[in-house]
Amino acid sequence: MTIRQLSVFLENKTGHLNDILSVLAHNKINIVALTVADSSDYGILRAIVSNPEKALEVLRAEQFMVRVHDILSLEMDAAPGSMSKILNLFTAADICIEYVYAFSFGSKSILILRTDNLDKSIDIIKANHLKSITEKDLIYQRNLSEL
Amino acid sequence: MIWNKEIECMNSTDMRALQSERLKKLVNHVYENVTFYHKRMDKMGVKPADIQSIEDIVKLPFTYKTDLRDNYPFDLFAAPMKEIVRVHASSGTTGKPTTVGYTKTDIDNWREVVARCLSMTGIGADDIMQISYGYGLFTGGLGVHYGAETVGCSVIPISGGNTRRQLQLMSDFGSTVLACTPSYALHLADALTENGYSLDDMKLKIGVFGAEPWTENMRLELEKKWGINAFDIYGLSEIMGPGVANDCIYHAGLHIHEDHFYPEIVHPDTKQSLPDGEEGELVFTTLTKEGIPLLRYNTRDLSTLTRKKCACGRTLVRMKKITGRSDDMLIIRGVNLFPSQIEHVLLELGETSAHYMLYVDRENNLDTLELKVELDETKLTDTIRELQSLARKIEHALNSAIGLSVKVTLVEPKTIARSEGKAVRVVDRRKTN
């Protein structure tokens, strides 16, 4: 139901995002999904990667400020209106969405979301039998062989 | 332990008698041997005979930093060069350097006062002392060094810089005492983890920090980070170097070795003497100095004095810990601001590291303040909103503490330059615009 997401603090400097990416590349860590939230002075890079423990260790060694957070991950139907349908359930329960991003992995459509109430969100997911995604579902190798 | 009980616990009548006798001798000597003082006293209409006791000190002229520069290099020396055994000098970043000279007696007195300071903190012959103050023209390294040898410490004269080596020797040699600037002590503490050390590798018990103004909160922070008892050693090269005053285990102000350095507090603007308990500029007269004796030297450090007996048994006059100088005071939109006030607020909030840099600028004839402060990893969240509310929280705390609006920018760790000597905390761009 939850997977681990890396959050990296990034000052707005030219080439800084690429500094992080090259550390990950050098250590053969695959990026499954990535998004950057930005303000005028800094941003937060959020990424789902193939090996969160190793990514944390190598980024810290390179003096990046990084943490790992648990984040909700759901599978959506690949059909119009499926994301709206899911989000409606949260709105009806008065849960606020802090941020959301979506991506495809193989044949799956995946929704990542952070709400202001994790426990209540999990109750909703269970009650409505929403399909959740685990880290196992996102293993790169298996995906490669399917291609 | 009290190194010199006779002096450090002397009653006030005997102390004043000793000071009076020394002052009379000093004034006679500088009037006869230093042209600068001879002229200045004549101009004020003061003769050595007018000085009969320590109370008469207020009749004497003040000495300022500019007087040392104007008499560069040796014109204020009161002893011939063949009696001078050591010369120290300031870095001269703001102009010509200032030079000070020591006779053999001066070096012995310096050794004695530093030994008293170190004994106040509980340091003794069993200690291994890592001296990470700079050695050389700066008085910090050599000044503490001689005193540490006098109390019998095993001294590691590593000098400043080279953080990795500092930590390696601290661990390998089992240093029990660290002597350096408080900002460097903080830097070393923060560098432990990344260099592969933890506090368990260290045997440090005591820190003797000084040479720059620092707050009580910073002292507590250093105690927490290192698991030590942290002390403040005060001094300045013009008067002697480190060892003019030090706090004891009660941390209730710094005991001044007033048999050698007579303190006064004066009003920053009028230069009138202020009574005990009132804050003003700290002024010292070097009662025993031979190389470069100074009358009423204005340190520009802000402090107060108290003469109450300390719980440790010493009767020496105590000065409040220095957290600011009248000349590093910034005037922002007419409001007086000391960098130490910022440090105090940050450490009290405890939401960020204590590494910060304050940028002062002028936009459309209005002074602006921007504070860059390093984010603490435990406070990193995955939403911008929470980081912004952290910045707002710091801005709000600063605004209520100093009455000025400050823009707070969070920056990555280790991006604010670390000093290995005296910390630079302010960049004032108004002067260059």
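Here the structure is a predicted model, which is why all the values come from computation and not from measurement.
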- [ ] Apply side chain to side chain donor-acceptor pair (under 3.5 Å) to Asp123(A) and list each qualifying residue two or more places apart in sequence or on a separate chain.
- [x] none
- [ ] For side-chain contact (heavy atoms from CB on, under 4.5 Å), just list the numbers for Met65(A) and Lys414(B), CA-CA rounded to whole Å, side-chain angles, deciding distance to a tenth of an Å, and then say yes or no.
- [x] CA-CA 10 Å; Met65(A) 180 172 278; Lys414(B) 315 276 190 294; over 6 Å; no
- [ ] Pick one of side chain, backbone, both or neither for Glu194(B), based on which atoms fall under 4.5 Å of a heavy atom in chain A.
- [x] side chain
With a 4.5 angstrom heavy-atom cut-off, which part of [X] approaches chain B: side chain, backbone, both or neither?
{"X": "Glu11(A)", "result": "both"}
{"X": "Arg46(A)", "result": "side chain"}
{"X": "Ile71(A)", "result": "side chain"}

Open item on the list: Working note: Asp382(B) + Tyr99(A), criterion side-chain contact (heavy atoms from CB on, under 4.5 Å); need CA distance, chi angles, decisive distance, verdict.
Closed with: CA-CA 10 Å; Asp382(B) 55 342; Tyr99(A) 63 79; 2.5 Å; yes
Please check if atom [atom1] in [X] has more than 12 non-hydrogen atoms from other residues, nucleotides or ligands closer than 6.0 Å.
{"X": "Asp172(B)", "atom1": "CG", "answer": "yes"}
{"X": "Glu57(A)", "atom1": "CD", "answer": "no"}
{"X": "Leu366(B)", "atom1": "CG", "answer": "yes"}
{"X": "Lys120(A)", "atom1": "NZ", "answer": "yes"}
{"X": "Arg164(B)", "atom1": "CZ", "answer": "no"}
{"X": "Arg165(B)", "atom1": "CZ", "answer": "no"}
{"X": "Lys54(A)", "atom1": "NZ", "answer": "yes"}
{"X": "Lys13(A)", "atom1": "NZ", "answer": "yes"}

Salt bridge between [X] and [Y], side-chain N to carboxylate O under 4.0 Å?
{"X": "Arg114(A)", "Y": "Glu386(B)", "value": "yes"}
{"X": "Asp41(A)", "Y": "Lys407(B)", "value": "yes"}
{"X": "Arg60(A)", "Y": "Glu377(B)", "value": "yes"}

Task: Heavy-atom closest contact (Ile44(A) atom, Thr381(B) atom, distance) - done: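 Shortest heavy-atom contact: CD1-O, 3.5 Å.
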Task: For Ser39(A) against Gln388(B), the heavy-atom pair lying closest together - done: CB-NE2, 3.7 Å
TODO: Begin from the C-alpha positions of Tyr42(A) and Ile384(B) and carry the test side-chain contact (heavy atoms from CB on, under 4.5 Å) through to its verdict.
DONE: CA-CA 9 Å; Tyr42(A) 52 79; Ile384(B) 294 277; 4.2 Å; yes
Task: Interface residue of largest heavy-atom contact number with chain A, from Leu410(B), Val411(B), Thr415(B), under 4.5 Å - done: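 Max contact count across the listed options: Val411(B).
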